[in-house]
Amino acid sequence: MGASAVQHSSKNSNASVAARKPNGVAVKKAATRIDWEIPRKALHSSIGIVTLYLYTHHIPPRPVIIALSTFLAIAVPVDFLRLRSPAFERIFERYVGLFMRDSEKKSTNGVIWYLLGVIFVLSVYPVDVAVVSILILAFADTAASTIGRLWGSLTPPLPRNIPILGLPLAPRKSLAGFMAATVVGAMVVAGFWGWTVALGVAEPVWTWSDGLVEAKTGLLSGWVGLCVLSVVSGLVSGVAEALDLGSLDDNLTLPIISGGCILGFVKLMVYFSS
């Protein structure tokens, strides 16, 4: 048997052994092949920073919606052309391919779903809820992806469905990623409604000292209210990020679901406590 054949056989044997070894060894071998998607995650998170800047500098949603809608009107036909023209696809990916996942290169660009999600929450939700929704998309989603890639294989998989509710969870999601999204989502809400919300000019749906809920009931105010709202919002963020909604992209569903649930939670507490 030639040297190349021996080497090939040895590689196959090593791969087979690695597949049979405990998770600790297998993970160590696989860890060298993790794609951290640093340019994509940097762009993803930078939207949260821009959102905070616009909010604290009192930029109203309307001009932001117009600007994003204009960009979307350009991005959609460009993406359509990319999927239809191999020549244009090569040019496109040469310059912006580093921001795309391999799974997106033959399907709709994730930026389109991102824009649709952000435009929706800015158009439909109160300003403070919309900002929180975008921050959850920017930071909690990034944390879930990063921590999931780093430690996901060391934690148990998520169940197929949420107990009682029966909502499907994506099989590719990990407990580590879910916990990361939950913790970061809670931190986003605590930081925003605890401090940042006062820097805006729009009337918020809740503030931790004299918000809507306190005015009605006094139950969700102060530190207790902030902690309760943060914990609930964190769990909502983790669940929304882990949901399996078929072909719907989480860049679209995460801000819409998380923002809607957070807004609904505040209004529900007001209703049942008044």
Side-chain angles (χ1 to χ4, degrees), residues 44-45 47-49 51-52 55-56 117-118 120-122 124-148 158 162-165 167 169 173 175-200 202-243 245 250-273:
H44 204 84
S45 299
I47 303 302
I49 298 173
T51 300
L52 285 174
Y55 179 81
T56 56
V118 171
F120 180 92
V121 299
L122 287 173
V124 175
Y125 297 153
V127 175
D128 54 337
V129 175
V131 170
V132 164
S133 304
I134 297 170
L135 296 180
I136 288 173
L137 173 62
F139 301 127
D141 187 40
T142 300
S145 176
T146 303
I147 300 302
L158 293 176
I162 300 175
I164 302 177
L165 298 178
L167 296 174
L169 298 177
K173 304 289 185 176
L175 179 60
F178 170 80
M179 293 173 64
T182 300
V183 170
V184 173
M187 292 173 62
V188 163
V189 169
F192 180 80
W193 267 306
W195 291 273
T196 310
V197 71
L199 301 177
E203 182 68 25
V205 298
W206 188 89
T207 61
W208 76 314
S209 58
D210 59 350
L212 174 63
V213 178
E214 185 192 28
K216 298 275 187 168
T217 67
L219 293 178
L220 280 182
S221 61
W223 288 105
V224 173
L226 186 61
C227 290
V228 171
L229 188 57
S230 299
V231 170
V232 171
S233 300
L235 290 172
V236 165
S237 302
V239 170
E241 198 281 329
L243 284 176
L245 299 177
D250 62 359
N251 287 322
L252 171 67
T253 60
L254 179 55
I256 294 175
I257 294 174
S258 60
C261 290
I262 292 169
L263 179 60
F265 175 73
V266 173
K267 290 186 176 295
L268 202 62
M269 290 301 300
V270 172
Y271 175 79
F272 283 107
S273 301

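What's counted below: heavy atoms across the whole structure, side chains too, no hydrogens, waters or symmetry copies. Counting begins at 1 with the first residue of the sequence. Since this is a predicted model, take the numbers as computed values, not measurements.
Sorted by first and then second residue, the salt bridge (charged side-chain N to carboxylate O under 4.0 Å, His left out) pairs with a member in residues 128-146 form an empty list; sequence neighbours excluded.
The heavy-atom pair separating A181 from S237 by the smallest distance is O-CB, 3.8 Å. Annotation for S133 and V121: closest pair CB-CG1, 4.1 Å, computed over non-hydrogen atoms. For S233 against V189, the heavy-atom pair with the smallest separation is CB-CG2, 3.3 Å. When all heavy atoms are compared, the tightest approach of V188 to V132 is CG1-O, 4.3 Å. Nearest heavy-atom pair, A140 versus G185, reported as atom, atom and distance to 0.1 Å: CB-N, 4.1 Å. Residues I262 and I136 come closest through the heavy atom pair CD1-CD1, 3.9 Å.
A 4.5 Å side-chain heavy-atom check between L137 and H44 finds at least one atom pair inside the cut-off. At a threshold of 4.5 Å between non-hydrogen side-chain atoms, the residues I162 and V239 count as touching. The side-chain heavy atoms of P255 and I134, taken from C-beta on, include no pair separated by under 4.5 Å. Residues D250 and K173 are in side-chain contact: their nearest non-hydrogen atoms beyond the backbone lie under 4.5 Å apart.
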Next on the checklist: For I49 and F139: C-alpha separation, side-chain torsions, deciding distance, then whether side chain to side chain contact (heavy atoms under 4.5 Å, CB included) applies.
Outcome noted: CA-CA 10 Å; I49 298 173; F139 301 127; 4.3 Å; yes
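A search for ring pair (Phe, Tyr, Trp, His ring centres under 6.0 Å) contacts involving F192 returns Y55, not counting sequence neighbours. Every residue two or more places apart in sequence or in another chain that forms a side-chain contact (heavy atoms from CB on, under 4.5 Å) with F120 is listed here: V124, Y125, I256. Applying the side-chain contact (heavy atoms from CB on, under 4.5 Å) criterion to A176, with sequence neighbours excluded, gives I147, W151, T155, S174. Listed by chain and number, the residues in a side-chain contact (heavy atoms from CB on, under 4.5 Å) with A240 are L254, I257 (sequence neighbours excluded). Checked against ring pair (Phe, Tyr, Trp, His ring centres under 6.0 Å), F178 has no partners two or more places apart in sequence or in another chain.
Note: L158 CG to M179 CE = 11.0 Å, rounded to the nearest 0.5 Å. A distance of 9.0 Å separates OG1 in T182 from CG in L175, rounded to the nearest 0.5 Å. Distance check, rounded to the nearest 0.5 Å: CG of L135 to OG of S258 gives 10.0 Å. Once rounded to the nearest 0.5 Å, the distance linking CG of L268 with CG of L263 reads 11.0 Å.
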